[in-house]
Amino acid sequence: MTEIPKAYEPQSVEDKWYDFWVKQGCFTAEPARVSDKRPAYSIVIPPPNVTGMLHMGHVLNNTIQDILSRKARMDGKEVLWLPGTDHAGIATEGMVAKQIRKEEKKTKQDIGREEFIKRVWTWKEKHGGIIIAQLKKLGCSCDWTRERFTMDPDYVRNVQRVFVDLYKKGLIYRGKRMVNWCPATQTALSDEEVEMKPQKGFMYHFKVEVAEASGMWLTIATTRPETIPGDTAVAVNPKDPRYAHLIGKHIVRPLPAELPREQKLIAIIGDEHVDFEFGTGVLKVTPAHDKADFEICQRITKWAGSRIERTLFTDELSFMEPIEIMNADGTMNDLAGADLRGLDRFKARKVAVEKLTELGAMIEEKPYENNVGFSQRADVPIEPRLSEQWFLKYPSVEVSKACVAQSGDGVQPGGLSELSPGQRPGVVGGIGSHPRGVREGSAAPAGAGQLFGGEEPRAFSGAKFQQPSGLGPNAGKMQFHPQRWAKVYDHWLTNIQDWCISRQLWWGHRIPVWYPKPGAFTEDQIHNLIESQNDAYQDVASIEEGVSVRWVSIEPPPDPANWTQDPDVLDTWFSSWLWPFATMGWTGDKTQDSNTPTLRAFYPTTDLVTGPDIIFFWVARMIMAGYENMGEMPFKNVYFTGIIRDKQGRKMSKTLGNSPDPLDLIARYGADALRFGTMRSAPLGQDVLFDEKDVELGRNFCNKLWNACRFRQMQGGEVQGEMDAKLLSSDDRWILLRLDQAIREVSDALASYNFATAVQTLYRFFWSEYCDWYVEASKAAFFGEDAALKANKVAVIDFVLSHLLRMFHPLLPFITEELWHGMGYSADMPEDQGGRTIMFARWPKPLSDEEKEAWGLDDTVETFANAKFELVTQGRNLKTQFNIGAGKKGKFTLKPAGQLDPSEAEVLRLLLSAESLELDPNYVPKKGTPTALTKLGELYLPLDGLVDMDAERVRLTKDTAKIQSEIEKVEQKLANPSFAQKVPAAVLEEHKQRLADWQAKLAQAKAAIEALG
RNA sequence: GCGUGGUUAGCUCAGUGGUAGAGCACUACCUUGACACGGUAGGGGUCGCAGGUUCGAACCCUGCACCGCGCACCA
């Protein structure tokens, strides 16, 4: 044993052990080791953005995962924590484009698609590993041999295969529909990527003339006058008596001003959607630039005819054809008219207002606040826009809803016993038993049809739907922690619309669909392709494209010269929803997959740890993908962390500059300190208000732990000696009991994901119980002469510390490993159970009844210890009150209430830091001697010099008052007749005992006052 | 509007029916032989408000107020 430094220095310890763990393969999961005795435990990391840097949210999230993983290893499980990153389409593409713009003054179009993607890869190779390196600094025990990236070749194939599969199942379709268009990044976004924000603007009222009734004017309210050129109708509620009679007539649209009157006539239509009360009750309908208006348009046209095609528009209905008045970048196009053409949409709004005013149509404008959708990435207002995109009807919705336990389901969390008979834990039993029928429940909500150039989603020929039969066994098997998020999840799943999965980007998974080049095939040839055996040729009845076949396959068509691949890529989430199995060697081939060791052993995963903000983006979609592709849920438990905020409760953000750099914190305080500080203030499911003080506390804590071990080391002696029951002191027995209690509490807390509780318990046990009381008390033996007693005390300390270090390991991996070896606890352990590393030491078990009996750990231990502590506290209090502060020793005399072993007295003396503690059953104090009244007897502090009788009287009188008020409280309760009748016996007894104790103290106090004379 | 979380010491939070707690901050004292990244003692709370249930409520029920968050959303 080498002497360890006075203060813990994390920097010299952390890298050393991390390298050791990696080199020794401690993090590497071995599927072959999985057995009934060694169950599998797995987590997949929520893949951080490859462009990302570690922030406090990552620290919280990954520390939790590391705690779960390390705890599972110590429980003897075979653990896979699978790490990786995602390619983050928009963010990464934006970043590289910006770099190119800055360094080369070029756009991505200038350098071309192929070259651009090359640049992104170069960037990724250079900088993409930063966050991974940072996770290592934090101590994360991920299996780096299995690190994955969503753009890995095999992962790309998986994404494409799933696309092709869903396409053939009829769940993916292409259509021209309203999408959330981001004019800044010029791509479509899903509904989830739009954030509603209140915006201050104006509500404009303008008037329009009814064409058939000259001189009759209607007033319309709008926040977007620049879209007037795109209006194709004016809607009123057919039940609105003010306007109903006007339905079928027309109004004159004021803009574009230069058009002749007859080209500006648009119809007045009736639609229930229009609210009488709101605005003027007259709604302008701009179907190409407003979602609700588009739906009105759909309703009207559907009402007028069945399947609508452009050529079928009658004159009567042609007014409904949407007019697109904007370009992709958010500027106005020619159809917006001469006044607005070329202007940005917000500039155009101002000009439109001017124009209306000029025309005398503007009635008023008043300040108005409404919610506007913003692009989450680019932070600019979304433009609802008619656009041709790929959409997905969500699969496996019903089973995904049913599998998550709602409150009151009463299902036990993820017990393996719930698996069907014959399904070994961790084995992909679900493959081949795909719950196909559930797809029927996934039909899109009404109104999600495809109108313009779209296609009806249809079932892949040959796929037979069955009635859902797999819901029963799945129902409620997955647990959310805290459970309330299950409701949010369920609500979203109930109201989902089809998912727009295509993105107008270059960086990402290219859509595996090819279209014939114009003129490449004759109609007959196309017909033959469709009829051929190769089902990559997909029949399409699309007027928009003017073709009727597509090639849909992972492989390019055999005659690529005749085809053009779809230029778009898939939403990043369309790749990450496959994460739990696509990272494990999944191929989609059932036979092959059932023999893939990693997948067999570790899917479904055990726990997922993530933030509630991505329930929709990721969690729900992973569940659907899991059922759809694996026939089984992707994880059994989902733990939702809180959001990390600063100490003022604000979200951490780059713009506010209130987010500390975790790497900086690690450099200053150590990774363990950061982990400790973060976890200590992270209650279950609550937001975390982070303060650097927390990390400082963590550092202090590590230092305390370090020094507690240092103290043990300074006592010398053999490691891990056997404890001799006969030599155990009351303090030894007490700390063993407290240890037992701590093991129970910490184990329970971790099992229920109550991390803050676990940390709190460890803190209390180690600092308040072990250091403050036990270690101090133990000094009585160590400063004494009895060698056997000392040796036994060392054995107790080793027992406690070796358990304690193990309990701390998941939370504080570095310092515990260092101490585990430094203290020599690894020496006697089996190689694979703590000998090599504390990582695989067994998680402490609570003491058995036999052990408790052998060591004499009974109820009296606690009572006696508490009495001692009470005496000590009161004695210290006396010293303070009579100015015998720390520094000065003081001489005490105890008039014991019963027998007190001299060794106990010596402990008391030490805890009181008194020069002496005399035991004298017949002690008669001088008048005015300060007294503390305790269960162990009366403790006196005889003062050598002057005795301040008045001061002592004041003190005792104050005590008496307090005692009396306590007595009153208890007496009042006991005096209540129904109390005695109705209260449980134990409670009644406890109250009586409490009364007796206080009364005894009162008697002591009165006697003491009397003694003052 | 619907849903959801919160309101306890100056601050951040535990406590979910039986004597109101922790850490930080604060005050005083102490560099004593693990640790000043430490120790000892202390001050500080009518547990948001109002009812109800109960022998007993911070805790359960009802209502209200305020602060968050999510979803929806009317031009």
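In what follows, every heavy atom counts, from backbone to side chain, and hydrogens, waters and symmetry copies are set aside. Chain A is the first sequence line, chain B the second, and so forth, proteins listed ahead of strands; every chain is numbered from 1.
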Using atom [atom1] of [X] as one end and atom [atom2] of [N] as the other, report the distance to the nearest whole Å.
X	N	atom1	atom2	value
A/Glu696	B/G23	CD	P	16 Å
A/Trp485	B/U4	CH2	P	12 Å
A/Ile615	B/C69	CD1	C1'	12 Å
A/Met196	B/C71	CE	C1'	11 Å
A/Phe766	B/G23	CZ	C1'	16 Å
A/Tyr774	B/A34	OH	C1'	15 Å
A/Leu974	B/U19	CG	P	13 Å
A/Lys693	B/A22	NZ	C1'	17 Å

Open item on the list: According to a cutoff of under 5.5 Å between the ring centres and under 30° between the ring planes, does A/Phe979 stack with the base of B/G56?
Closed with: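 No, aromatic ring not over the base.
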Open item on the list: Both A/Phe783 and A/Thr757 contact RNA chain B. Which one's nearest nucleotide lies toward the 5' end?
Closed with: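 On the 5' side of the pair lies A/Thr757.
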TODO: Could you pick out which residue, A/Gln760 or A/Val987, lies toward the 5' side of RNA chain B when each is mapped onto its nearest nucleotide?
DONE: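 Counting from the 5' end, the first nearest nucleotide belongs to A/Gln760.
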For nucleotides 42-44 of chain B, list the nitrogen or oxygen atoms of the protein found under 3.5 Å from its nitrogen or oxygen atoms, one pair per line.
| residue | atom | partner | partner atom | Å |
| --- | --- | --- | --- | --- |
| B/G42 | OP1 | A/Asn877 | ND2 | 3.1 |

Atom [atom1], compared across [N] and [M]: separation rounded to whole Å:
N	M	atom1	value
B/A65	B/A72	P	26 Å
B/C60	B/C11	C1'	30 Å
B/G6	B/U62	P	15 Å
B/C69	B/G17	C1'	30 Å
B/G21	B/G44	C1'	13 Å
B/U12	B/G45	C1'	15 Å
B/G52	B/A22	C1'	33 Å

Select base, sugar-phosphate, or nothing to describe what [X] touches, counting heavy atoms under 4.0 Å on all strands.
X	result
A/Val775	base
A/Val274	base
A/Pro977	nothing
A/Phe276	nothing
A/Leu697	sugar-phosphate
A/Asp694	nothing
A/Cys709	nothing
A/Glu990	base
A/Asn370	sugar-phosphate

Hey, does the side-chain of [X] have a donor or acceptor N/O within less than 3.5 Å of a partner on the base of [N]?
X	N	result
A/Lys704	B/C35	yes
A/Glu776	B/A34	yes
A/Asn371	B/C73	yes

- [ ] Measure centre to centre between the rings of A/Tyr753 and A/His481, then say whether the value is under 6.0 Å.
- [x]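 Between A/Tyr753 and A/His481, the centre distance is under 6.0 Å.
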Show me the side-chain donor-acceptor pairs of residues 988-995 of chain A shorter than 3.5 Å, one per line, residues at least two apart or across chains.
| residue | atom | partner | partner atom | Å |
| --- | --- | --- | --- | --- |
| A/Glu990 | OE1 | A/Arg994 | NH2 | 3.1 |
| A/Glu990 | OE2 | A/Arg994 | NE | 3.4 |
| A/Glu990 | OE2 | A/Arg994 | NH2 | 3.0 |
| A/His991 | ND1 | A/Val987 | O | 2.8 |
| A/His991 | NE2 | A/Lys973 | NZ | 3.3 |
| A/Gln993 | NE2 | A/Asp997 | OD1 | 3.0 |

Does the side chain of [X] get closer than 4.0 angstrom to OP1 or OP2 of [N] through an N or O atom?
X	N	result
A/Tyr368	B/C74	no
A/Lys291	B/A75	no
A/Lys6	B/C35	yes

Task: Strand RNA chain B as a dot-bracket string - pairs counted if Watson-Crick or G-U with both distances under 3.5 Å, | where the partner lies in another strand - done: ((((((((.[[[[.)..(..]]]].(((((.......))))).....[[[[[..)....]]]]])))))))....
Of the listed nucleotides [options], the one nearest the side chain of [X]:
X	options	result
A/Arg876	B/C71, B/G23, B/A41	B/A41
A/Asn700	B/G18, B/U4, B/G38	B/G38
A/His273	B/G18, B/A34, B/A75	B/A75
A/Lys487	B/U4, B/U19, B/A34	B/U4

Open item on the list: Suppose we screen for salt bridge (Lys or Arg N to Asp or Glu O under 4.0 Å). Which residues come up paired with A/Glu193, at least two apart in sequence or across chains?
Closed with: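 Salt bridge (Lys or Arg N to Asp or Glu O under 4.0 Å) check on A/Glu193 returns A/Arg503.
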Open item on the list: Please enumerate all residues that pass salt bridge (Lys or Arg N to Asp or Glu O under 4.0 Å) together with A/Asp613, with sequence neighbours excluded.
Closed with: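 None.
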Which pairs of donor and acceptor atoms, one on a side chain in residues 689-701 of chain A, lie under 3.5 Å apart (sequence neighbours left out)?
| residue | atom | partner | partner atom | Å |
| --- | --- | --- | --- | --- |
| A/Asp691 | OD1 | A/Lys693 | N | 3.1 |
| A/Glu692 | OE2 | A/Arg668 | NH2 | 2.2 |
| A/Glu692 | OE2 | A/Tyr669 | OH | 3.0 |
| A/Asp694 | OD2 | A/Asp691 | N | 3.3 |

Open item on the list: Set out, in order, the CA-CA distance, both residues' side-chain angles and the distance that settles salt bridge (charged side-chain N to carboxylate O under 4.0 Å, His left out) for A/Lys790 and A/Glu785, then state yes or no.
Closed with: CA-CA 8 Å; A/Lys790 281 189 203 178; A/Glu785 300 300 326; 5.5 Å; no
Open item on the list: Whether the side chain of A/Ser913 engages the backbone of A/Arg909 through a donor-acceptor N/O pair (distance < 3.5 Å, no angle test) should be reported.
Closed with: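 Such a contact is absent between A/Ser913 side chain and A/Arg909 backbone.
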Open item on the list: Restricting to side chain to side chain contact (heavy atoms under 4.5 Å, CB included), what partner residues turn up for A/His273, sequence neighbours left out?
Closed with: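 Listed in chain order: A/Asp271, A/Leu283, A/Ala292, A/Ile296, A/Arg299.
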- [ ] Answer yes when A/Arg764 and A/Glu769 have at least one side-chain N-carboxylate O distance shorter than 4.0 Å, and no when they do not.
- [x]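 So A/Arg764 pairs with A/Glu769 through a salt bridge.
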Open item on the list: What verdict does the salt bridge (charged side-chain N to carboxylate O under 4.0 Å, His left out) test give for A/Lys284 and A/Asp231, after you've listed the backbone C-alpha separation in whole Å, the side-chain angles of each residue and the deciding distance to 0.1 Å?
Closed with: CA-CA 6 Å; A/Lys284 72 191 227 16; A/Asp231 290 351; 2.9 Å; yes
- [ ] Output all residues satisfying side chain to side chain donor-acceptor pair (under 3.5 Å) with A/Trp767, sequence neighbours left out; order by chain, then residue number.
- [x]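 A/Trp767 satisfies side chain to side chain donor-acceptor pair (under 3.5 Å) with no other residue.
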Open item on the list: Going by the rule side chain to side chain donor-acceptor pair (under 3.5 Å), which residues pair with A/Arg242 if we only count those two or more places apart in sequence or in a different chain?
Closed with: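 A/Asp240.
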Open item on the list: Angle between ring planes, A/Tyr489 versus A/Phe480, binned at 30° and 60°: parallel, tilted or perpendicular?
Closed with: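 Aromatic pair A/Tyr489/A/Phe480 classed perpendicular.
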